[in-house]
Structure formats: structure tokens, C-alpha cells
Amino acid sequence: MTISRQPAPNSESELFSRAQALAGFTLGELAELAGQIAPPDLRRDKGWVGQLLEWHLGATAGSQPVPDFANLGIELKTIPISHLGKPLETTFVCVAPLIGLQGVNWENSHIRHKLARVLWIPVEGEREIPLTERHVGSPLLWSPSADEEARLRQDWEELMELIVLGKVEQITARHGEVLQLRPKAANSRVQTDAYGADGHPIKTLPRGFYLKTQFTAELLKRHFML
DNA sequence: GCGTGATCATGA
DNA sequence: TCATGATCACGC
């Protein structure tokens with residue numbers, strides 16, 4: 001027997017209602033409803049939780065570089081949290097462009113569009129809790145506040161400046177207050193094109209932008225305090 | 001290899 | 001204990 005993915009939501013409120021309806025369920029219950037067998041742990045299935053929630057909410061993008069809910073312009077992010085409600089991991093946003101950067105600015109950047117509207121779904125993430133027993137939390141529809149966007153923009157501009165200057169290999173995860181640049185690849189042998197220090201092309205490890213846990217923690221806290 | 005979904009595992 | 005750098009799976 002196969003069970004097909006839920007239909008795509010037609011509005012933001014419909015999507016949010018559907019996400020609220022998932023709160024309180026365990027991942028085991030949601031897996032069964034989707035006709036899936038939960039893996040024993042996430043070591044070999046790191047994206048399983050995100051993909052399970054995508055199924056339940058009717059996300060359409062797959063692996064395309066477009067929002068999960070393209071018609072609504074909304075990105076879905078599951079976020080693993082501790083029993084105190086704090087994020088256990090940084091949040092991957094998107095791959096960082098390393099070449100072809102003429103004309104790219106914050107306003108037209110891929111990352112700004114990705115973060116313009118995000119549906120956050122907290123999920124219990126402590127490894128002590130068996131995967132099937134972890135609970136889904138209450139969702140949060142978020143857009144960056146003026147202050148949040150300013151901080152994201154500042155980090156992004158500093159990181160992109162280093163990339164354009166051919167200093168990508170000098171960037172570490174310690175750069176940036178809220179946004180960091182880290183490897184995003186199958187393994188450390190993967191190579192892609194980037195600018196070298198002399199302006200000529202080099203091969204380097206693909207990088208991605210990640211939101212630091214302190215940033216997402218504040219965002220979640222603001223929600224729970226309201 | 002790229003972009004999607006992310007978490008793992010180890011050194012500091 | 002915790003963040004960084006590395007890694008896993010999938011479709012194309």
C-alpha cells in the first residue's frame with residue numbers, strides 16, 4: 001500500500017493551521033500516518049525529519065532551489081530543540097555563491113529571499129529520546145525583524161566581500177555574528193569553482209550559509225514570550 | 001557535482 | 001560541554 005503526499009496548501013493560513021495540527025504528535029505517529037518506517041536514528045538519515053514534515057504539509061519543491069511552498073513563498077525549516085526549547089544545531093539556509101558575483105547584493109540575494117518568510121517547526125532533538133518518541137512542537141511563522149535583517153545583512157556582506165576578494169579559504173565558522181559560512185558537501189574531497197587571491201579561479205570546498213543557534217534561539221524565545 | 005533535507009563526531 | 005568542520009542520503 002502506498003500513501004500519497006498531502007496536497008499543497010493554498011494559503012499561508014491553511015499551511016499554518018495544518019502545521020498547528022501536527023503539534024503534539026510524535027515522529028513515530030507521523031511516520032505511520034505517512035506509511036513510512038522510521039530509521040533507527042538519524043546518523044544515515046539526517047534529513048528524515050524535515051522530509052517527513054514536508055510530506056505532511058504538502059511541500060512541493062523537492063531538491064529544487066525554490067521555496068518549499070513555491071506558490072506561497074514560504075520556506076519550511078524543522079529545528080531540533082532541547083528540553084529547554086533551545087536549538088541543538090545551526091540551521092542550514094542555502095549554498096553560498098562563490099563565483100559570478102557581479103551585480104549580487106543583499107537585496108537580490110538568494111539567502112534574503114529564502115529567509116523572507118519561514119515556517120519554523122521545533123522538534124524534540126535530544127539523542128536520548130528515541131527518534132519515534134520525539135514530539136513535534138508548535139509552529140512559528142517568521143519574517144526577519146528590521147534588526148534581525150540588519151544583522152543578517154552585515155554578516156552576509158562581510159562574508160561575500162571576502163569571497164569576492166578571493167579569501168574564501170580564510171573564512172571560518174567564527175566569522176559572522178548570526179550567519180556563518182561552513183562546508184556543505186558530501187565530503188571534504190568535493191571541489192567547486194571559486195575566486196582565488198589573484199583573481200583567477202581556484203577549486204575549493206562548497207560552502208553553505210548557516211544560522212547560528214543563538215540567533216534561532218532568540219527568534220524562538222521571542223515567539224514563546226509573546 | 002549541485003542543491004535539497006540536515007546532524008554527526010571530534011577537538012578545544 | 002559545545003561549536004566547527006565533516007559528513008549522510010537522494011534526485012538529477
Side-chain angles (χ1 to χ4, degrees), chain A residues 5 8 19 22 27 30-31 34 36-70 73-84 86-100 109-111 113-115 118-132 134 136 155 159 168-194 201-218:
Chain A
R5 179 179 54 74
L22 298 180
L27 296 181
L30 295 183
Q36 296 188 30
I37 303 297
D41 55 59
L42 296 177
R43 278 182 294 183
R44 293 196 166 275
D45 296 270
K46 297 179 179 181
W48 184 77
V49 177
Q51 289 164 356
L52 178 63
L53 274 291
E54 284 187 350
W55 186 94
H56 278 277
L57 295 173
T60 55
S63 64
Q64 302 170 76
V66 298
D68 297 298
F69 301 94
I74 297 175
E75 182 73 15
L76 172 67
K77 290 288 176 198
T78 60
I79 184 164
I81 56 166
S82 72
H83 61 103
L84 297 175
K86 298 191 68 177
L88 291 168
E89 298 287 347
T90 55
T91 300
F92 171 71
V93 182
C94 61
V95 167
L98 302 182
I99 55 169
S109 67
H110 190 20
I111 187 171
H113 292 300
K114 274 235 166 190
L115 293 177
V118 179
L119 178 64
W120 296 96
I121 302 188
V123 178
E124 289 179 334
E126 278 160 342
R127 295 185 209 177
E128 289 70 23
I129 307 175
L131 186 56
T132 56
R134 297 180 192 176
V136 174
D155 284 348
L159 291 167
V168 63
E169 296 191 323
Q170 296 174 34
I171 300 173
T172 74
R174 286 167 271 281
H175 284 86
E177 300 295 324
V178 299
L179 191 68
Q180 56 183 187
L181 193 77
R182 306 214 314 270
K184 172 58 174 173
N187 56 64
S188 59
R189 279 90 62 195
V190 175
Q191 298 272 90
T192 194
D193 292 320
I202 62 167
K203 288 288 189 180
T204 194
L205 193 55
R207 315 298 164 101
F209 288 116
Y210 295 77
L211 298 176
K212 300 185 74 171
T213 55
Q214 182 181 318
F215 182 78
T216 50
E218 290 173 13

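Hydrogens, waters and symmetry mates are skipped; everything else that's a heavy atom, side chains included, is used. A note on names: the letters A, B, ... follow the listed sequences, proteins ahead of strands, and every chain is numbered from 1.
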Original post:
Which part of the nucleic acid, if any, lies within reach of A/K86 when heavy atoms closer than 4.0 Å are counted: base, sugar-phosphate only, or nothing?
Top reply: nothing
Original post:
On DNA chain C, nearest-nucleotide positions of A/L88 versus A/N187: which is more 5'?
Top reply: A/L88
Original post:
Of the candidate nucleotides B/dT4, C/dG5, B/dG5, which contains the atom at the shortest distance from the side chain of A/D68?
Top reply: B/dG5
**OP:** Look at all strands and tell whether A/G47 reaches a base, only sugar-phosphate, or nothing, counting heavy atoms closer than 4.0 Å.
**Re:** base
Subject >> Nucleotide nearest A/E75 when distance is taken to its side chain, options B/dG5, C/dT4, C/dT7 >> reply: B/dG5
**OP:** With DNA chain B as reference, determine whether A/W48 or A/E89 sits nearer its 5' end, using the nearest nucleotide of each.
**Re:** A/W48
**OP:** Under 4.0 Å between any heavy atoms, over every strand shown, what does A/R127 touch: base, sugar-phosphate, or nothing? Just pick one.
**Re:** base
Original post:
Between A/R182 and C/dG5, does any side-chain N or O lie under 4.0 Å from OP1 or OP2?
Top reply: no
Subject >> For the student: nearest non-hydrogen atoms of A/E169 and A/R207, plus distance >> reply: CG-NH2, 4.0 Å
Original post:
Side chains of A/W55 and A/Q36: is there a donor and an acceptor less than 3.5 Å apart?
Top reply: no
Original post:
Given C/dT4, is OP1 or OP2 found less than 4.0 Å from the side-chain N or O atoms of A/Q180?
Top reply: yes
Subject >> Chi angles and distances behind the side-chain hydrogen bond (donor to acceptor under 3.5 Å, both in side chains) call for A/T90, A/R182 >> reply: CA-CA 11 Å; A/T90 55; A/R182 306 214 314 270; 3.0 Å; yes
Original post:
So what does A/Q214 hit on the nucleic acid, given a heavy-atom distance under 4.0 Å: a base, only sugar-phosphate, or nothing?
Top reply: nothing
Original post:
Can you name the closest pair of heavy atoms from A/L22 and A/L53 and give their distance?
Top reply: CD1-CD1, 3.6 Å
Subject >> Side-chain donor/acceptor contact of A/K184 with base of B/dG5 under 3.5 Å >> reply: yes
Original post:
Is A/Y210 side chain donor-acceptor paired with the B/dA6 base, going by distance under 3.5 Å alone?
Top reply: yes
Original post:
Should A/T78 be listed as having a side-chain N or O under 4.0 Å from OP1 or OP2 of B/dG5?
Top reply: no
